[in-house]
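Read through the structure below, which is laid out as structure tokens, and then see the notes.
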Amino acid sequence: PHQWLMPVALRARLPLVAHLHTNYLRRERFASLLHQATAIVGVSQSVVGEFLTDGVPQNRLKVIHNGIVQERFRLGRCAELRKTLGIADDAIVVASVGSLIERKGMDLLVRSLARLGDPNMHLVIAGEGPQRPALQCLAADSGVQSRVHFLGYCADISPVYATADIAALASRSEAFGLAAAEASYFSLPVVAHNLPGVSEVIENGRTGLLVPVENVEALAKALQQLAANPEKREQMGAAGKDRVQQRFSVQRMVSSFEALYQGLVDQTEAANAGARLVMRPYFQLFGNRYRKNLEGAVPLA
């Protein structure tokens with residue numbers, strides 16, 4: 001458990017690095033003693049921003065974005081998957097990759113497809129999860145069963161993105177948006193929810209379109225806008241791939257971690273770094289509670 005790492009680091013007089021891939025609730029941040037890590041690394045600014053609000057010094061916080069292993073992908077158009085799924089060559093294919101769970105918002109994409117009512121637009125979903133039966137029922141009830149294709153888990157997502165015209169990420173919450181970065185690498189414009197972590201990957205209006213969370217109408221309009229404009233799709237796709245190659249490669253991620261670790265080793269007091277406790281978050285927490293108690297107290301007559 002996280003809470004045991006800090007006492008071990010203190011006893012061994014070693015610095016501790018916490019690499020966080022999700023947004024922790026406030027009680028989780030305090031209960032796991034994450035505030036005491038020598039370096040708190042988040043996959044996005046939204047992850048480390050919460051610790052800054054808690055009172056952790058800026059010099060202990062660092063953002064290192066996730067990187068994609070570009071070598072594992074096979075680029076180039078793929079006509080075979082369309083043929084297998086019975087999708088016409090001139091149809092618009094929207095691809096979404098992710099677990100079939102409520103947080104990933106696949107139901108919102110199905111509803112968006114139904115709202116558009118475009119017989120030439122198909123939704124291809126790669127992923128598995130407990131919501132699959134419900135999503136299949138939703139597609140059938142919405143009248144789009146023939147245009148929503150469930151592929152299940154795909155070890156290789158290259159054919160999925162290689163056959164698509166647009167990528168979609170309708171997650172209700174997301175710390176980073178790795179799927180958006182992968183789709184951009186395939187030169188696809190991305191339609192996604194305007195979440196803090198996702199907006200660090202997708203530049204609205206340049207590499208994709210960001211829409212309000214849970215807004216099916218806005219999601220549908222964004223998909224329709226890109227479906228009707230092949231030139232915009234090509235421009236956004238090219239800009240997205242360039243951005244991914246510059247900022248979200250696994251080589252860049254590894255180099256950033258190497259620099260972080262080397263910096264900790266090079267510190268003259270590195271062996272004692274873990275021993276310096278950060279108390280401000282706790283003072284701040286109890287101070288806020290004390291003020292609330294005073295505000296809620298009934299004055300004596």
Side-chain angles (χ1 to χ4, degrees), residues 21-23 42-50 63-68 92-116 118 121-127 157 160-161 164-249:
H21 294 256
T22 189
N23 296 87
V43 295
S44 65
Q45 185 60 49
S46 67
V47 173
V48 300
E50 296 170 334
V63 175
I64 299 180
H65 293 123
N66 282 332
I68 64 173
I92 296 295
V93 173
V94 179
S96 187
V97 176
S99 302
L100 304 189
I101 55 177
E102 193 269 344
R103 182 175 67 83
K104 290 296 183 178
M106 297 296 185
D107 57 306
L108 302 175
L109 291 176
V110 175
R111 295 181 194 278
S112 298
L113 189 70
R115 180 180 286 267
L116 285 175
D118 183 353
M121 182 179 288
H122 289 250
L123 173 62
V124 174
I125 298 175
I157 61 171
V160 181
Y161 285 137
D165 301 287
I166 304 168
L169 182 66
S171 300
R172 292 177 165 93
S173 66
E174 202 74 62
F176 175 64
L178 185 62
E182 291 175 340
S184 292
Y185 180 65
F186 280 83
S187 300
L188 292 176
V190 181
V191 173
H193 280 155
N194 192 10
L195 298 166
V198 176
S199 64
E200 293 179 42
V201 180
I202 300 301
E203 286 187 86
N204 188 33
R206 183 170 179 270
T207 68
L209 298 175
L210 299 177
V211 301
V213 181
E214 296 278 3
N215 192 325
V216 173
E217 182 177 358
L219 199 58
K221 285 183 177 179
L223 291 173
Q224 185 178 46
Q225 180 182 339
L226 291 179
N229 196 329
E231 185 177 346
K232 182 180 286 292
R233 294 201 304 269
E234 185 176 352
Q235 291 172 349
M236 286 186 169
K241 182 171 183 177
D242 183 61
R243 180 175 172 81
V244 166
Q245 289 178 319
Q246 290 185 25
R247 301 192 179 196
F248 306 119
S249 69

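For reference, positions follow the sequence shown, starting with 1.
- Counting heavy atoms of neighbouring residues, nucleotides and ligands inside a 6.0 Å radius, atom CZ of Arg103 exceeds 12 of them.
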Worksheet item: Given the rule in the side-chain hydrogen bond (donor to acceptor under 3.5 Å, both in side chains) test, do Asn229 and Gln225 qualify, once you have shown the distances and angles that lead to the verdict?
Response: CA-CA 7 Å; Asn229 196 329; Gln225 180 182 339; over 6 Å; no
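- Side-chain N or O atoms of Ser199 include none that pairs as donor or acceptor with a backbone N or O of Asn194 at under 3.5 Å.
- The side-chain heavy atoms of Val190 and Thr207, taken from C-beta on, include no pair separated by under 4.5 Å.
- Partner of Pro189 under the side-chain contact (heavy atoms from CB on, under 4.5 Å) criterion, out of Arg233, Gln235, Glu234: Arg233 alone.
- Considering every non-hydrogen atom in both Leu108 and Ala170, the closest pair reads CD1-O, 3.9 Å.
- Put simply, CD on Glu174 and OG1 on Thr22 are 8.5 Å apart, with the number rounded to the nearest 0.5 Å.
- For the pair Val47 and Phe176, the minimum side-chain heavy-atom distance is 4.5 Å or more.
- Counting heavy atoms from C-beta on, the side chains of Leu219 and Arg111 never come closer than 4.5 Å.
- Contact of the Arg172 side chain with the Asp107 side chain is registered, since non-hydrogen atoms from C-beta on lie closer than 4.5 Å.
- For the pair Asn23/Ser173, no side-chain contact is recorded, criterion being any heavy-atom separation below 4.5 Å from C-beta on.
- Counting only heavy atoms from C-beta outward, the side chains of Ser184 and Lys241 never approach each other to under 4.5 Å.
- Counting heavy atoms from C-beta on, the side chains of Met106 and Ser96 come closer than 4.5 Å.
- With Asn204 contributing its side chain and Leu210 its backbone, the two residues share a donor-acceptor pair below 3.5 Å.
- Within a 6.0 Å sphere centred on NZ of Lys221, heavy atoms belonging to other residues, nucleotides or ligands number 12 at most.
- The shortest side-chain heavy-atom distance between His193 and Val198 does not fall under the 4.5 Å cut-off.
- Put simply, the side chain of Asp118 never gets that close to the backbone of Gln224: no donor and acceptor are under 3.5 Å apart.
- Ring planes of Phe248 and His65: perpendicular class, angle over 60° (limits at 30 and 60°).
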